[in-house]
Number of protein chains: 2
Amino acid sequence: MELVRIYECLCDRTRLRLLHLLLQGPLCVCHLQGLLDEPQVKISKHLAYLRTRGLVTTTRDGNRIIYALPAKRSPELAANLACLQDCAAEEAVFRRDARRLAALQARLRDSGCPC
Amino acid sequence: MELVRIYECLCDRTRLRLLHLLLQGPLCVCHLQGLLDEPQVKISKHLAYLRTRGLVTTTRDGNRIIYALPAKRSPELAANLACLQDCAAEEAVFRRDARRLAALQARLRDSGCPC
DNA sequence: AATCTATATTCCGCAAGCGGTATATGGTGA
DNA sequence: TCACCATATACCGCTTGCGGAATATAGATT
């Protein structure tokens with residue numbers, strides 16, 4: 001994957017937040033939507049942007065579409081995701097997202113949710 | 001510096017090439033122009049883009065303007081520049097730029113050039 | 001079949017970015 | 001002062017990206 005393509009995916013705040021959350025594991029759209037507290041169309045379009053460029057993969061589970069980071073990642077992508085992980089720890093938005101995700105996961109632990 | 005601002009600076013190939021070269025040390029515009037083999041206005045505008053966003057600094061030396069990476073870098077910027085340095089080694093364009101820079105530096109070694 | 005729920009897509013208007021041409025600026029040297 | 005060099009800026013047209021409103025799709029449920 002060409003380096004500049006990766007950066008193009010990283011140069012929007014919403015996409016950064018999505019990728020940062022997906023670093024913790026797969027998530028369906030409705031959860032991402034709830035976590036980011038942004039309109040459905042906005043989330044969906046940014047996920048589509050990432051999907052067409054190969055930064056995320058999708059699987060269907062009934063009604064839900066579950067997004068995840070690709071299992072196999074090029075060295076550049078792996079390096080940049082690691083970098084994002086590190087840097088995100090310094091910014092409030094990302095820490096807040098991570099906190100909300102942790103809370104969500106706690107709630108979901110015993111609820112048979114596919115995500 | 002906000003993370004997304006950094007990525008905005010990184011999401012253009014010309015700017016990536018410029019930053020990658022500046023990782024090796026300060027350079028004046030005419031040298032960057034020669035190394036990238038791109039029109040003057042293109043180089044100048046991308047450097048201006050980087051300058052207004054604080055990713056490069058300038059000093060004047062007579063007619064020449066010398067661009068450099070900032071001495072003090074935020075952790076995010078430092079991390080991403082290191083990441084770029086690593087990833088660039090995998091792509092032909094960047095390797096070619098680095099080779100040309102090495103050649104230029106060899107030629108300039110004993111020529112009292114300010115860069 | 002009709003409905004509901006989750007997600008995607010289309011269409012629109014707007015702003016930003018990019019590359020090029022032409023021109024301006026500002027320091028240097030004759 | 002005049003010409004010259006290196007660099008920057010203004011303007012233009014084009015493309016891309018973004019957000020929102022409305023609509024479409026596709027699986028689930030009744």
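In what follows, chains are A, B, ... by sequence order, proteins preceding strands, each numbered from 1.
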Distance to the ring centre below 6.0 angstrom and angle to the axis at most 45 degrees; does that hold for B:R51 and B:Y49?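 Negative - B:R51 is either too far from the ring of B:Y49 or too far off its axis.
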Next on the checklist: Categorize B:R15 for me: base, sugar-phosphate, or nothing, with a 4.0 angstrom heavy-atom threshold over every strand shown.
Outcome noted: sugar-phosphate
Charged N to carboxylate O under 4.0 angstrom, B:E90 versus B:R95?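 B:R95 and B:E90: not salt-bridged.
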Tell me the interatomic distance from [X], atom [atom1], to [N], atom [atom2], rounded to whole angstroms.
| X | N | atom1 | atom2 | answer |
| --- | --- | --- | --- | --- |
| B:I66 | C:dG27 | CD1 | P | 15 Å |
| B:R60 | D:dA6 | CZ | P | 13 Å |
| A:R64 | C:dC4 | CZ | P | 18 Å |
| A:Y7 | C:dG17 | OH | P | 19 Å |
| A:L47 | D:dC18 | CG | C1' | 15 Å |
| A:D61 | D:dA28 | CG | P | 9 Å |
| B:R13 | C:dC18 | CZ | C1' | 14 Å |

Might you work through the side chain to side chain contact (heavy atoms under 4.5 Å, CB included) test for B:M1 and B:R73, ending with a clear yes or no? CA-CA 9 Å; B:M1 177 157 10; B:R73 308 169 194 177; over 6 Å; no
| message | Side chains of A:L27 and A:I66, heavy atoms from C-beta outward: is any pair under 4.5 Å? | response |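 The answer is no, as the side chains (C-beta and beyond) never meet within the 4.5 Å cut-off.
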Inset, instruction - Find which nucleotide of DNA chain D each of B:I65 and A:E8 is nearest to by heavy atoms, and output the residue with the more 5' nucleotide. - result: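 Counting from the 5' end, the first nearest nucleotide belongs to B:I65.
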Ignoring backbone atoms, test whether [X] places a side-chain nitrogen or oxygen under 4.0 Å from the OP1 or OP2 oxygen of [N].
| X | N | result |
| --- | --- | --- |
| A:Y49 | D:dG19 | no |
| A:R53 | D:dG17 | yes |
| A:Y67 | C:dA8 | yes |
| B:R51 | D:dT9 | yes |

Could you tell me whether the side chain of B:N63 has a donor or acceptor atom within less than 3.5 Å of a complementary atom in the base of C:dG26?
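Answer is yes: a donor-acceptor pair is held.
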Smallest heavy-atom separation, A:N80 atom then B:Y7 atom, equals O-OH, 4.4 Å
Interatomic distance, NE2@B:H46 vs OG1@B:T14, rounded to 0.5 Å, equals 4.0 Å
Legend entry - Interface with DNA chain C, restricted to residues 35-46 of chain B and to heavy atoms under 4.0 Å: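 The stretch gives B:P39, B:V41, B:K42, B:K45, B:H46 as the residues lying under 4.0 Å from the strand, ordered by number.
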Closest of D:dT9, D:dG27, C:dA8 to the B:A48 side chain is D:dT9
So side-chain hydrogen bond (donor to acceptor under 3.5 Å, both in side chains) across residues 33-45 of chain B, not counting sequence neighbours, yields B:E38-B:K42
